[in-house]
Undergrad: 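Supplied in structure tokens, the structure appears directly below.
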Amino acid sequence: MAKALKVAVIAGEVSGDLLGADLVAALRKAHPGPVELFGVGGEALQAEGLQSLFDFSELSIMGLTQVLKRLPQLLRRIRQTADAVIAAKPDVLVIVDSPDFTHRVARRVRAALPDLPIIDYVCPSVWAWKEYRAKAMVPYVDHVLAVLPFEPAAMQRLGGPPTTFIGHRLTSEPALLKVRDLRRAWAQKQPGDALTLLLLPGSRAAEIRQLLPIFGQAAAELAGRVGPVRALLPTVPRQEALVREIAATLPVSVEITVSSEEKWAAFAEADAALAASGTVLLELALCGVPAVSAYKADWLITLMSKRIKIWSAALPNLIADYPVIPEYLNEVVRPGSLSRWLERLAGDTLQRRAMLEGFDLTWQRLQTQVPPGEAAAGIVLEVMGRKKPGR
């Protein structure tokens, strides 16, 4: 039997956990021997056999103020994780997104194990702000796996590590592909029928507290303008109690679900969505669900906004390279604006058609010949081969 491949993987968010699990599943197919996991992750990686060093939800922190508040705990976790990886001496370290945590771990590991291959899955948003981070990664990252098509050119321009666009996991997600098929039969609601509205206020507690009350008010205003509205709110299990607590105070009734199957079913049924800025906007775009984006940034981020170089925070906009999804930030996140956009997007209007055309372009630009997980696994094994002693 071939030698076991010992993989250390560190993921700090739900999206990163899914990416890491997809990569590990592909590694199992590509490597002739067993694959052993070690590190930090959530449900998806645990389903692949990972025993996480700690609950990775501790790393789901929004904004600089929260980071500063929990800095001592984060520093302890960085040291704990790095020390554990160094002691385990794996064959490769894969860090997945969450750069404020994973990159600090990677730097410590590289100092102690200089020959260990280190792969960064998900390019940090150096193209958005803090461009110096690209060059700073070179000493401790051997290769970057990019999920957005414009990132390799940005990393090359900024002097970062070798970077390959491997595609986005969502384009080969079976549940998403099923929703795309189901939504081809979408038909505009008849007068008197309830509109189905998705409310997606984020997966972090701070996001939910800031956005869900406004989303509820927007849904109520929409109902006042168009008639009955059925509000669906998929959330993650760890936030269910908080979501139910806030939902009980909203001026509309909300149907809360927590399973992945129920989430995708809600995506298939929705006429339009109101969502926090983040990966979920890309999910909506690839499914073909018209959406409005809203976000309330941390006050320190707001103060530093002049350093942010991108013109949009919505991934579908950046991939299509023009405004596809309308965005509202901070003080202009108002129920009246959101409800009026939702009214236009929930019917067969020019605004809806234009948005769906932009979604089609987003889909096309994310296509690759090889599924992302397989491409990622191939690069991991290639980098490992190049870094073998004597090579």
Side-chain angles (χ1 to χ4, degrees), residues 11 13-23 44 60 62 96-99 121-125 127-128 145-152 154 165-183 198-204 207 211 234-236 260 263-264 266-268 270 272-295 310-329 341 345 352 354-368 371-373 375-376:
E13 297 272 0
V14 173
S15 57
D17 180 51
L18 292 170
L19 289 173
D22 190 42
L23 167 59
S60 183
M62 184 185 73
V96 192
D97 212 354
S98 305
Y121 196 168
V122 181
C123 179
S125 53
W127 36 266
L145 306 176
V147 300
L148 301 176
F150 54 82
E151 290 177 322
F165 170 58
I166 61 167
H168 203 291
R169 178 193 63 84
L170 289 173
T171 60
S172 57
E173 166 62 48
L176 187 148
L177 296 176
K178 182 179 179 181
V179 172
R180 279 180 63 86
D181 288 339
L182 291 172
R183 290 195 62 81
L198 268 178
L199 301 181
L200 300 161
S203 59
R204 299 181 178 99
E207 292 174 326
L211 292 175
T235 189
V236 292
S260 177
K263 167 193 166 179
W264 292 117
F267 274 52
L274 182 52
S277 183
T279 304
V280 71
L281 292 176
L282 187 57
E283 292 180 336
L284 292 165
L286 298 181
C287 286
V289 184
V292 183
S293 170
Y295 207 74
I310 51 172
W311 59 271
S312 171
L315 289 179
N317 295 356
L318 295 172
I319 295 167
D321 198 28
Y322 73 90
V324 177
I325 294 177
E327 300 174 276
Y328 290 87
L329 180 67
W341 254 115
L345 295 175
R352 182 188 182 95
M355 188 174 291
L356 294 180
E357 181 180 320
F359 289 172
D360 286 341
L361 179 59
T362 300
W363 174 267
Q364 292 167 17
R365 291 187 171 175
L366 285 177
Q367 296 307 299
T368 54

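Just so it is clear, the model here is predicted, and its values are computed rather than measured. Nothing fancy with the numbering, it's 1 onward along the sequence.
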Undergrad: Going by heavy atoms in the side chains, are W264 and K178 under 4.5 Å from each other?
TA: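 Heavy-atom side-chain distance check fails, nothing below 4.5 Å.
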Undergrad: If only atom types and distance count, is the side chain of E207 paired as donor or acceptor with the main-chain N or O of S203 below 3.5 Å?
TA: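 Side chain of E207 to backbone of S203, a donor-acceptor pair under 3.5 Å: yes, one is there.
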Undergrad: Quick check for you: to the nearest 0.5 Å, what is the distance between L361 atom CG and D321 atom CG?
TA: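 Answer for the CG-CG pair, L361 versus D321, is 9.0 Å.
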Undergrad: Can you tell me how far the CH2 atom of W127 sits from the CD1 atom of I310, to the nearest 0.5 Å?
TA: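 Rounded to the nearest 0.5 Å, the CH2-CD1 separation comes to 5.0 Å.
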Undergrad: When you measure from the side chain of D97 to the backbone N and O of G16, does any donor-acceptor pair fall under 3.5 Å?
TA: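 Such a contact is absent between D97 side chain and G16 backbone.
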Undergrad: How long is the straight-line distance from CG of L177 back to OG of S172, given to the nearest 0.5 Å?
TA: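 With rounding to 0.5 Å, OG (S172) is 7.0 Å from CG (L177).
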Undergrad: Kindly say whether P149 contributes a backbone atom to a donor-acceptor pair with the side chain of R365 at under 3.5 angstrom?
TA: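 Absent.
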Undergrad: Return the set of residues passing side chain to side chain donor-acceptor pair (under 3.5 Å) with W341 (not counting sequence neighbours), or none when no residue passes.
TA: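 Counting only residues at least two positions away or on another chain, W341 forms a side chain to side chain donor-acceptor pair (under 3.5 Å) with Y328.
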Undergrad: Any side-chain heavy atom of L200 sitting closer than 4.5 Å to one from L274?
TA: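 Not touching, per the 4.5 Å side-chain cut-off.
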Undergrad: Can you tell whether the side chains of E357 and R352 come within less than 4.0 Å, N to carboxylate O?
TA: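 A salt bridge is absent here (no side-chain N lies under 4.0 Å from a carboxylate O).
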Undergrad: Enter the distance from H168:NE2 to I319:CD1 here, rounded to the nearest 0.5 Å.
TA: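 The CD1 atom of I319 is 7.0 Å from NE2 of H168, to the nearest 0.5 Å.
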Undergrad: Just verifying a value: how many Å separate L170 CG and T279 OG1, rounded to the nearest 0.5 Å?
TA: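 Between L170 CG and T279 OG1, I get 7.5 Å after rounding to 0.5 Å.
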Undergrad: Hey, is the main chain of G167 close enough, under 3.5 Å, to the side chain of T171 for a donor-acceptor pair?
TA: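 Here the side-chain-to-backbone pair does not exist.
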Undergrad: Between V122 and L145, does the side-chain contact (heavy atoms from CB on, under 4.5 Å) criterion hold? Intermediate values first, please.
TA: CA-CA 6 Å; V122 181; L145 306 176; over 6 Å; no
Undergrad: Say whether, by atom type as modelled, one donor and one acceptor occur between the side chain of D17 and the main chain of A44 under 3.5 angstrom.
TA: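 Yes, because the side chain of D17 sits within donor-acceptor range (under 3.5 Å) of the backbone of A44.
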Undergrad: I want to check something: taking the side chain as every heavy atom from C-beta on, are W311 and N317 in contact at a cut-off of under 4.5 Å?
TA: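 Contact flag for W311/N317 side chains = yes.
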Undergrad: Which atom pair, heavy atoms only, marks the closest approach of P326 to M355?
TA: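 So the two residues come closest at CD-CE, 3.5 Å.
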Undergrad: Please assess F359 against V289 for the test side-chain contact (heavy atoms from CB on, under 4.5 Å), listing each intermediate value before the final yes or no.
TA: CA-CA 9 Å; F359 289 172; V289 184; 5.7 Å; no
Undergrad: Considering non-hydrogen atoms only, spot the tightest contact between R180 and C287 and give its length.
TA: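 In this case the closest contact between R180 and C287 is CG-CA, 4.0 Å.
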Undergrad: Heavy atoms, side chains only, cut-off 4.5 Å: are Y295 and E327 in contact?
TA: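 No; the side chains remain at least 4.5 Å from each other.
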Undergrad: Closest heavy-atom contact between A276 and L211?
TA: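 Reported closest heavy-atom pair: CB-CD1, 3.6 Å.
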Undergrad: On a heavy-atom basis, which atom in A275 and which in V280 lie closest, and how many Å separate them?
TA: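 What the structure gives for the nearest pair is CB-CG1, 3.9 Å.
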Undergrad: Might you point out which heavy atoms bring L284 and A291 nearest each other, and give the distance in Å?
TA: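 Between these two residues, the closest heavy atoms are CD1-CB, 3.7 Å.
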Undergrad: Are the side chains of L366 and F165 in touch, meaning some heavy atoms are under 4.5 Å apart?
TA: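 A side-chain contact under 4.5 Å exists here.
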Undergrad: Are the side chain of S312 and the backbone N or O of A314 linked by a donor-acceptor pair below 3.5 Å?
TA: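 A pair under 3.5 Å: yes.
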Undergrad: Donor-acceptor pair, distance only, cut-off 3.5 Å: does the side chain of R183 make one with the backbone of G288?
TA: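 It does hold such a pair.
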Undergrad: State, yes or no, whether a side-chain contact exists between S277 and L281 at a heavy-atom distance under 4.5 Å.
TA: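 A side-chain contact under 4.5 Å exists here.
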Undergrad: Do the side chains of V147 and P372 get nearer than 4.5 Å, heavy atoms only?
TA: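 Side-chain contact under 4.5 Å: no.
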Undergrad: Can you tell me how far CG of L286 sits from CH2 of W363, rounded to the nearest 0.5 angstrom?
TA: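 The CG atom of L286 is 6.0 Å from CH2 of W363, to the nearest 0.5 Å.
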Undergrad: Before giving the answer on side-chain contact (heavy atoms from CB on, under 4.5 Å), spell out for L182 and F267 the whole-Å C-alpha distance, their side-chain angles and the decisive distance to 0.1 Å.
TA: CA-CA 10 Å; L182 291 172; F267 274 52; over 6 Å; no
Undergrad: Would you call L148 and C123 a side-chain contact if the rule is heavy atoms closer than 4.5 Å?
TA: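 With C-beta onward as the side chain, the pair stays apart.
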Undergrad: Who passes side chain to side chain donor-acceptor pair (under 3.5 Å) against R169, sequence neighbours left out?
TA: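 Partners of R169 under the side chain to side chain donor-acceptor pair (under 3.5 Å) test: E173.
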